[in-house]
Peer 1: 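Got a structure here, written out as structure tokens. Questions coming.
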Amino acid sequence: MKIISMDVMSTGVIAYYIFIASREGLFTPILDPTKTVEYADPVPQAVILTAIVIGFSIQALMLVGVMKLAKDNPTLETKAIEKNYTP
């Protein structure tokens, strides 16, 4: 549940940034000397795309950790897992 809630929170933050950054009247940044229109800034788009990729990789890493924990401790109770933990 913690992994899913973290993923939902990450998706919400990304959706919030997309909502704030979206404006009508901006075009894709493909330069055309015949047009004199406002272009969207590609840097925030790249940052959001990077955030999506990093969020996906962190989620995959956490799921691998959960798979390892599930193999060693066949329970869903976090208190029991912490009690069995020996460094």
Peer 1: Under 3.5 Å, side-chain donor or acceptor atoms of residues 54-66 against the rest of the protein: list the pairs with distances, not counting sequence neighbours.
Peer 2:
from, atom 1, to, atom 2, distance (Å)
S57, OG, V53, O, 3.4
S57, OG, I54, O, 2.8

Peer 1: Restricting to pairs with a member in residues 4-18, which pass side chain to side chain donor-acceptor pair (under 3.5 Å), not counting sequence neighbours?
Peer 2: none
Peer 1: Using side-chain hydrogen bond (donor to acceptor under 3.5 Å, both in side chains) as the criterion, list what pairs up with K68, not counting sequence neighbours.
Peer 2: D72
Peer 1: First locate atom CD of Q45, then atom OG1 of T50, and finally report the distance between them rounded to the nearest 0.5 Å.
Peer 2: 11.5 Å
Peer 1: How many angstroms lie between atom CD1 of I18 and atom CD1 of I48, to the nearest 0.5 angstrom?
Peer 2: 6.0 Å
